[in-house]
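The residues of the chain are indexed from 1 along the displayed sequence. In this text the structure is predicted, and so the values were computed from the model without any measurement.
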Amino acid sequence: MIILASASQRRIELLKDSGIEFEVIPSEIEEVIDVSLSPVDNAMKIALTKARDIYFKNKNATVIAADTMVVYNNEIFGKPGSEEDAFEILKTLSNKKHKVITGVAIIHNDEEDVFFSESTVKFKDLTDEEIKAYIDTKEPFGKAGGYAIQGLGKDIVDTYEGDFFTIVGLPLKEVLKKLNDIKNKKDQN
């Protein structure tokens, strides 16, 4: 049995579209940023903490967890808590490149596989009106960096480099390869 330790609709849809059968059991852990760690290490640590939270209650399962961070000038931009917060984030990122880092943890048979994927996104030069119109759609809320590249947020993105699915929130190619490796290992035993 595979469990996705996330309530993220984007992650759920990505796994569903890949044809994998899985259950969704979101982790309830509080996502705490450790300022002594790099953004990459924070993303991997939070993903691992989420995975462990669910794995220890479901030891017979393969658990997948992920955490996505938007980083600009080494500052981590989380999910906006208000319209003002969303405006500040989007205004800061306007006409600039930022990194999107997704940390992933997969636990199977007490073995922990933790890795990350990183992509770069550049926003268009946004006017205050364009930012406010995007915030009015309510899409920025619940998303790291205040946008969804696969949704209406595609209209504020100029370019991106790297894996699109990393930006959405789950580096699918790597996850599917690792799940396939686990399945092949099982089949050999």
Legend entry - Value rounded to 0.5 Å, distance of CD1 in Ile64 from CD1 in Ile54: 12.5 Å
Legend entry - Check: Ile101 and Asn42 side chains under 4.5 Å, non-hydrogen atoms: no
Inset, instruction - Find out whether Leu90 and Ile135 are in side-chain contact, i.e. whether some heavy atom of one side chain is under 4.5 Å from a heavy atom of the other. - result: yes
Inset, instruction - With the side chain counted from C-beta on, respond yes when Val40 and Glu118 share a heavy-atom pair under 4.5 Å apart, and no when they do not. - result: yes
Legend entry - Neighbour count >12 (heavy atoms, 6.0 Å) for atom NZ, Lys154: yes
Inset, instruction - Can you measure from CD (Glu130) to NZ (Lys124) and round to the nearest 0.5 angstrom? - result: 8.0 Å
Legend entry - Shared hydrophobic cluster, Ile3 / Phe22 (ILVMFWY, side-chain heavy atoms < 4.5 Å): no
Inset, instruction - Determine whether Lys138 and Phe141 make a side-chain contact, defined as any pair of heavy atoms from C-beta on separated by less than 4.5 Å. - result: yes
Inset, instruction - Can you establish whether the number of heavy atoms outside Lys96 located under 6.0 Å from its atom NZ is more than 12? - result: yes
Legend entry - Salt-bridge contact Asp163-Lys173 (side-chain N to carboxylate O under 4.0 Å): no
Legend entry - Asn180, CG: over 12 other non-hydrogen atoms inside 6.0 angstrom: yes
Legend entry - Straight-line distance of Ile131 CD1 to Ile156 CD1, nearest 0.5 Å: 8.0 Å
Inset, instruction - Run the numbers on Lys132 and Asp128 for salt bridge (charged side-chain N to carboxylate O under 4.0 Å, His left out), then give the verdict. - result: CA-CA 6 Å; Lys132 286 177 184 157; Asp128 289 0; 5.3 Å; no
Inset, instruction - Nearest 0.5 Å please: distance from the CG atom of Asn184 over to the CG atom of Leu179. - result: 11.0 Å
Inset, instruction - Indicate if Val35 and Met44 have the same hydrophobic cluster label, given that clusters are the connected sets of ILVMFWY residues with side-chain heavy-atom separations under 4.5 angstrom. - result: no
Legend entry - Atom CG of Asp34: over 12 foreign heavy atoms under 6.0 Å: yes
Legend entry - Side-chain (Ser119) to main-chain (Thr166) donor-acceptor, under 3.5 angstrom: no
Legend entry - Lys178 to Phe115, cation-pi by 6.0 Å centre distance and 45° axis angle: yes
Legend entry - Residue that, paired with Glu161, satisfies salt bridge (Lys or Arg N to Asp or Glu O under 4.0 Å) out of Lys97, Lys122, Lys99: Lys97
Inset, instruction - Verify whether one side chain among Lys185 and Asn109 offers a donor that lies under 3.5 Å from an acceptor in the other. - result: no
Inset, instruction - Measure the spacing between CD1 of Ile182 and CG of Asp113 and express it to the nearest 0.5 Å. - result: 7.0 Å
Legend entry - Pairwise distance CG(Leu126) to CG(Asn95) - rounded to 0.5 angstrom: 8.0 Å
Inset, instruction - Side-chain contact test, heavy atoms from C-beta onward, threshold under 4.5 Å: evaluate it for Phe164 versus Gln150 and give yes or no. - result: yes
Legend entry - Aromatic centroids of Tyr160 and His98 separated by under 6.0 Å: no
Inset, instruction - Start with the C-alpha distance between Asp67 and Glu31, add both sets of side-chain angles, then the distance that settles side-chain contact (heavy atoms from CB on, under 4.5 Å), and finish with yes or no. - result: CA-CA 9 Å; Asp67 189 68; Glu31 297 178 20; 3.1 Å; yes
Legend entry - Heavy-atom side-chain proximity of Arg52 to Ile107 below 4.5 angstrom: yes
Inset, instruction - May I have the step-by-step check of side-chain contact (heavy atoms from CB on, under 4.5 Å) for Lys57 and Asp53, ending in yes or no? - result: CA-CA 7 Å; Lys57 301 169 197 158; Asp53 175 45; 3.0 Å; yes
Inset, instruction - Begin with the C-alpha distance, continue with both residues' side-chain angles, and end with the deciding distance and a verdict on side-chain contact (heavy atoms from CB on, under 4.5 Å) for Leu93 and Val70. - result: CA-CA 10 Å; Leu93 298 177; Val70 168; 4.1 Å; yes
Legend entry - Asp187 bridged to Lys183 by N-O distance under 4.0 Å: yes
Legend entry - Contact check, side chains of Val104 and Val175, non-hydrogen atoms, under 4.5 Å: yes
Inset, instruction - Take Lys143 and Lys79 through the side-chain contact (heavy atoms from CB on, under 4.5 Å) test and state the conclusion after the steps. - result: CA-CA 5 Å; Lys143 292 162 187 80; Lys79 299 167 185 168; 5.6 Å; no
Inset, instruction - Determine whether the aromatic ring centres of Tyr55 and His108 lie less than 6.0 Å apart. - result: no
Inset, instruction - Would you mind reporting whether Ser6 and Val24 have side-chain heavy atoms less than 4.5 Å apart? - result: no
Inset, instruction - Classify the side-chain pair Arg11/Thr102 by whether it contains a donor and acceptor separated by less than 3.5 Å. - result: no
Legend entry - Single-linkage hydrophobic cluster Val114~Leu176, side-chain heavy atoms < 4.5 angstrom: no
Legend entry - Ring geometry between Phe123 and Tyr147 (parallel below 30°, tilted from 30 to 60°, perpendicular above 60°): perpendicular
Legend entry - Sidechain-backbone polar pair: Thr49 side chain, Lys45 backbone, donor-acceptor under 3.5 Å: yes
